[in-house]
Every structure is written in structure tokens, then in C-alpha cells.
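Read through the structure below, which is laid out as C-alpha cells, and then see the notes.
All residue numbers in this chain count up from 1 along the given sequence. Whatever order the structure lists them in is the order used to number ligands and atoms, beginning at 1.
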Amino acid sequence: MPRPALTTTVAAMVEAARARIEEIETEDAIAMMEDADLVFVDIRDIRERQRDGVIPGSFHCPRGMLEFWVDPASPYFKEVFGQDRRFVFHCASGWRSALSAALLQDMGFEAAHLRHGFSDWVRKGGPVESLEPRARG
Ligand SMILES: O=S(=O)([O-])[S-]
């Protein structure tokens, strides 16, 4: 049976998201590293973090938990998202984080995203920390 045609593409969705969210260039984000009011939120999955490293001090919020962790009415709410701080979401290349920032905007949660993602962060010499794989019990 033929698959039904999609009504949009992921590229179109990312483009539409990018048109309405705050985007941070890598160089500017690196310069913001020392800002204690700023939280980098990494939405990549744990395997990407373990394989490629992380932005030091970044908070890991798997993309699948996004809405649940930022909503104070959710049983999964995370305190960090209740703090009066500036949040910059990132993924590997800026696609997932663009969609996430737009979704958060729809929820009324203010967040920017790292325009070119962690891969560009590494390319531009941003600091990277290694993550030890969790020991299995
Ligand atoms: O979503 S992605 O830009 O990291 S491939």
C-alpha cells in the first residue's frame, strides 16, 4: 500500500521555526560561557553526549522529555526550568533545537537555540567536556 504523502517536510518545519525563534551564533555563545545566568540545554540523546562530549556545565534534557520537564504542572517538571535564567537549547546541528525552541515558544517558555549546534561549537574551538559512560549496575 502506498504511503500517504506528508503535508510538510522537516526542512520546511525547521525553516518556519527558525523564522520565529531567537538564534544564537556559535561565536556569541562561546563568549557567553561565563554568564552564570545562562543555561545551555543539550537535547541530544545520551549516546551523542557520550560519543562527542558536552558543553561544560550544560544541562541534559532529552528531546523526548522537553514539554514535560519545563511545565511546572507536569509531574516531571525540573526545577532548573523554573529559574529566572536565560536558556539556550542545542542539538548537534541546530535542527532539533530549532523545532524545540519553537515548541517551547508555543508553550510560553522563552528560549533561544544555538543556530549551528554542537558540531559548529566544536569546529569553532568551544570548550568540550568528556562524559564517562554510566556504569551499568
Ligand atoms: O537535529 S540535528 O540538527 O542535530 S541533526
*salt bridge (charged side-chain N to carboxylate O under 4.0 Å, His left out) against Asp84, all qualifying residues, sequence neighbours excluded*: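 Scan of Asp84 (salt bridge (charged side-chain N to carboxylate O under 4.0 Å, His left out), adjacent residues dropped) gives none.
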_Distance (rounded to the nearest 0.5 Å) between Arg49 CZ and Phe118 CZ_ =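 Atom-to-atom, Arg49:CZ and Phe118:CZ are 9.0 Å apart.
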Output yes when [X] and [Y] qualify as a salt bridge under the 4.0 Å nitrogen-oxygen rule, no when they do not.
X: Arg115; Y: Asp28; value: no
X: Glu48; Y: Arg96; value: yes
X: Glu22; Y: Arg86; value: yes

Does ligand 1 have any N/O pairs with the protein under 3.5 Å, and how far apart?
residue, atom, partner, partner atom, Å
ligand 1, 1 (O), Arg96, N, 3.0
ligand 1, 1 (O), Arg96, NE, 2.8
ligand 1, 3 (O), Ser93, N, 3.2
ligand 1, 3 (O), Gly94, N, 3.2
ligand 1, 3 (O), Trp95, N, 2.9
ligand 1, 4 (O), Ala92, N, 3.0
ligand 1, 4 (O), Ser93, N, 3.0
ligand 1, 4 (O), Arg96, NE, 3.3
ligand 1, 4 (O), Arg96, NH2, 2.8

*asked:* Please identify which of these residues, Phe87, Tyr76, Trp69, meets the ring-ring contact (aromatic ring centres under 6.0 Å, His included) condition with Phe81.
replied: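 Result: among Phe87, Tyr76, Trp69, Phe87 is the only option passing the ring-ring contact (aromatic ring centres under 6.0 Å, His included) with Phe81.
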